[in-house]
Amino acid sequence: MVELGKTGEQVSQVSLGCMLMGSTIDAATSYAMLDCFVEDGGTFLDTANCYAWWVGKGEFVGDESEMLLGAWMQARGNRDDLFLATKTGARLTNPAGIRNAQGEVEWERVSGEYQGLAPDTIRRSVEDSLRRLRTDRIDLYYAHIDDRDTALDDTLDALNRLVEQGKVRFIGCSNYRTWRIERARAISAAHGWAHYVAAQQEYSYLRPKPGADFGVGAHVDGEMLDYFRANDEIALVAYSPLLKGIYDDAEKRARYYNWSLYDSDDSRARLEVLGKMAGALGVSNSQLVLAWLLHHQPQVIPIFGMSSKAQYEHNMAALNITLDDAQMAELNAASA
Ligand SMILES: NC(=O)c1ccc[n+]([C@@H]2O[C@H](COP(=O)([O-])OP(=O)(O)OC[C@H]3O[C@@H](n4cnc5c(N)ncnc54)[C@H](OP(=O)(O)O)[C@@H]3O)[C@@H](O)[C@H]2O)c1
């Protein structure tokens with residue numbers, strides 16, 4: 001277990017990414033993975049109020065992951081044993097209207113369709129999430145993507161009210177640039193409001209090329225790491241730590257929709273060092289990436305995803321890998 005920021009709240013060292021549960025991952029497989037996670041001591045679950053509207057041909061709207069978790073928690077009667085995180089702001093205003101006649105998502109329109117973080121939206125969406133999750137409170141409620149059209153003060157005020165009402169215990173942000181995290185911290189502090197205690201950002205062992213465009217996403221960079229080193233009251237939570245499973249599969253790497261952002265000599269140098277060390281340790285590259293994150297300074301809580309119980313077990317085994325300072329230094333130093 002690790003402390004979430006300086007909240008005094010203990011959460012599991014890894015968070016389980018529940019994004020595809022209830023859509024591409026069927027209920028039986030999802031329940032099996034969730035049960036194992038709890039048996040393995042896991043508490044920290046990650047979902048959002050929009051998972052996963054984009055898969056399939058229009059049969060999903062974004063309610064599915066929260067609904068599956070709500071049903072599973074009710075069936076197991078284990079809500080109080082869990083640390084449940086969900087998010088607001090990245091739900092689409094009309095998921096049904098974002099597809100062409102063939103049912104394919106028109107991605108170029110998506111950024112204009114997010115619900116955003118206006119106070120009314122937050123007030124409505126928390127009620128919807130609580131209903132789907134069949135609970136009376138959310139442990140960690142993230143602003144999912146930054147909304148530059150809404151004043152940060154208004155978003156933070158609305159989130160603070162949810163904390164005061166007991167609907168939300170802690171608040172966090174996701175896909176915020178460093179200066180926005182800091183501005184939010186300053187606004188919350190000035191008003192004496194609840195402040196973001198976690199930032200959920202994309203982060204893995206491979207480094208994106210300079211200037212790589214992640215759209216609404218905000219990838220961790222050197223400045224952000226420096227910020228987290230100096231501000232340990234906010235926890236760094238890393239999403240997509242396995243880069244969708246490309247570390248052990250060169251063909252999948254080439255097919256990865258974001259590979260162009262990573263296709264560099266720096267990535268090749270890091271893959272070489274990673275692969276050699278993984279081979280020497282008798283683990284997979286993916287497992288070593290997770291172990292690297294678990295030994296990382298500043299502290300990182302990785303949220304990994306998986307599509308099968310076998311992948312789940314493989315990833316959880318990374319918790320048993322110990323890396324010494326020299327191994328961490330070697331992995332950190334790898335570069336073109
Ligand atoms: N805040 C945000 O904006 C944001 C964005 C994205 C995700 N998230 C959160 O982060 C969680 C994880 O994200 P992610 O799914 O993108 O993360 P990820 O851990 O980078 O990728 C998960 C995918 O990697 C593959 N994989 C996992 N374990 C593997 C293994 N042992 N061997 C081979 N392949 C493996 C699987 O793909 P295949 O099915 O192809 O095998 C799996 O679906 C999500 O569930 C969600 O909760 C948040």
Side-chain angles (χ1 to χ4, degrees), residues 14-26 29-30 33-34 37 42 44-55 62 64-66 68-69 83-91 110-111 114 117 140-147 172-177 196 198-206 214-220 235-253 255-259 262 278 283-294 300-319 321:
V14 291
S15 173
L16 195 68
C18 303
M19 182 168 77
L20 300 178
M21 293 185 180
S23 53
T24 52
I25 311 177
D26 65 31
T29 309
S30 303
M33 291 190 290
L34 288 160
F37 187 60
F44 195 172
L45 300 180
D46 190 77
T47 185
N49 71 341
C50 60
Y51 290 165
W53 64 265
W54 58 92
V55 304
E64 295 77 18
S65 169
E66 287 188 337
L68 182 132
L69 288 178
F83 190 81
L84 184 59
T86 191
K87 316 186 190 81
T88 182
R91 193 176 168 92
V110 168
S111 63
Y114 291 123
L117 297 168
L140 176 58
Y141 200 41
Y142 290 102
H144 198 158
I145 49 176
D146 198 356
D147 174 4
C173 59
S174 181
N175 299 304
Y176 272 39
R177 304 257 172 177
Y196 289 147
Q200 187 180 132
Q201 312 284 90
E202 182 158 3
Y203 190 46
S204 183
Y205 179 63
L206 293 191
F214 284 84
V216 296
H219 199 284
V220 171
L236 174 55
V237 180
Y239 76 76
S240 301
L242 300 175
L243 293 176
K244 310 285 182 188
I246 66 166
Y247 278 102
D248 294 284
D249 184 341
E251 278 180 25
K252 194 170 180 189
R253 207 176 296 150
R255 289 196 312 269
Y256 176 39
Y257 60 88
N258 263 351
W259 181 242
Y262 293 91
V283 301
S284 71
N285 292 351
S286 302
Q287 288 173 320
L288 187 52
V289 168
L290 290 175
W292 174 78
L293 285 167
L294 290 166
V300 171
I301 301 175
I303 316 175
F304 70 80
M306 65 274 121
S307 54
S308 67
K309 191 146 166 285
Q311 284 183 355
Y312 165 82
E313 284 164 357
H314 187 85
N315 298 340
M316 284 299 276
L319 286 160
I321 301 171

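Read the numbers this way: they start at 1 and go in the same order the structure lists the ligands and their atoms. For clarity, every value in this text was computed on a predicted model and none was experimentally measured.
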In terms of residue, atom name and distance, what is the protein heavy atom nearest to [atom]?
{"atom": "atom 12 (C) of ligand 1", "result": "Ile303 O, 3.4 Å"}
{"atom": "atom 44 (C) of ligand 1", "result": "Met19 CB, 3.5 Å"}
{"atom": "atom 39 (O) of ligand 1", "result": "Ser307 OG, 2.7 Å"}
{"atom": "atom 33 (C) of ligand 1", "result": "Gln311 NE2, 3.8 Å"}
{"atom": "atom 17 (O) of ligand 1", "result": "Ser240 CA, 3.3 Å"}
{"atom": "atom 9 (C) of ligand 1", "result": "Asp46 OD2, 3.5 Å"}
{"atom": "atom 10 (O) of ligand 1", "result": "Tyr239 CB, 3.4 Å"}
{"atom": "atom 19 (O) of ligand 1", "result": "Gly305 N, 3.0 Å"}

Minimum heavy-atom separation for [X] to [Y], with atom names?
{"X": "Ala85", "Y": "Phe44", "answer": "CB-CE2, 3.8 Å"}
{"X": "Phe37", "Y": "Tyr312", "answer": "CA-OH, 2.9 Å"}
{"X": "Leu290", "Y": "Pro302", "answer": "CD2-CB, 4.3 Å"}

Ignoring hydrogens and angles, state whether a donor on the side chain of Tyr205 or Tyr247 is under 3.5 Å from an acceptor on the partner side chain.
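Note: Tyr205 and Tyr247 side chains miss the donor-acceptor criterion.
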Is it the case that the side chains of Ser286 and His314 hold a donor-acceptor pair, with the cut-off being a distance below 3.5 Å and no angle test?
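No - no donor-acceptor pair under 3.5 Å links their side chains.
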Given that the side chain starts at C-beta and the backbone is N, CA, C, O, which of these parts of [X] lies under 4.0 Å from ligand 1, counting heavy atoms, or is it both or neither?
{"X": "Ser286", "result": "neither"}
{"X": "Lys244", "result": "both"}
{"X": "Asn175", "result": "side chain"}
{"X": "Tyr142", "result": "neither"}
{"X": "Glu202", "result": "neither"}
{"X": "Asn315", "result": "side chain"}
{"X": "Cys18", "result": "backbone"}

Counting both backbone and side chain atoms, is some N or O of Leu243 under 3.5 Å from an N or O of ligand 1?
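So ligand 1 has an N or O lying under 3.5 Å from an N or O of Leu243.
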Give yes if a backbone or side-chain nitrogen or oxygen of His314 is under 3.5 Å from a nitrogen or oxygen of ligand 1, and no if not.
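Not met; the criterion fails.
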Main chain of [Y], side chain of [X]: is a donor-acceptor contact present, judged purely on distance under 3.5 Å?
{"X": "Ser174", "Y": "Gln200", "result": "yes"}
{"X": "Asn175", "Y": "His144", "result": "yes"}
{"X": "Asp46", "Y": "Ser15", "result": "no"}
{"X": "Gln287", "Y": "Asn285", "result": "no"}
{"X": "Glu202", "Y": "Tyr239", "result": "no"}
{"X": "Thr47", "Y": "Cys18", "result": "no"}

Go through ligand 1 atom by atom and flag the ones less than 4.0 Å from a non-hydrogen atom of [X].
{"X": "Leu242", "answer": "18 (P), 19 (O), 20 (O), 27 (C), 28 (N)"}
{"X": "Gly17", "answer": "11 (C), 44 (C), 45 (O), 47 (O)"}
{"X": "Tyr51", "answer": "4 (C), 8 (N), 9 (C), 46 (C), 47 (O), 48 (C)"}
{"X": "Phe304", "answer": "12 (C), 19 (O)"}

Proximal candidate to atom 38 (P) of ligand 1 [heavy atom criterion; set Gln200, Met306, Lys252]
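Looking at heavy atoms only, the winner is Lys252.
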Please test Tyr262 against Tyr256 for side-chain hydrogen bond (donor to acceptor under 3.5 Å, both in side chains), starting from the C-alpha separation and ending with a verdict.
CA-CA 10 Å; Tyr262 293 91; Tyr256 176 39; 5.2 Å; no
Check whether any heavy atom of His144 sits under 4.0 Å from an atom of ligand 1.
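Yes; His144 lies near enough to ligand 1 that a heavy-atom distance drops under 4.0 Å.
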Are any of the side-chain heavy atoms of Leu45 and Leu34 separated by less than 4.5 Å?
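Of all side-chain heavy-atom pairs linking Leu34 with Leu45, at least one is under 4.5 Å.
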Any idea how Phe214 and His219 line up, ring-wise: parallel (<30°), tilted (30 to 60°), or perpendicular (>60°)?
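Ring orientation of Phe214 relative to His219: tilted.
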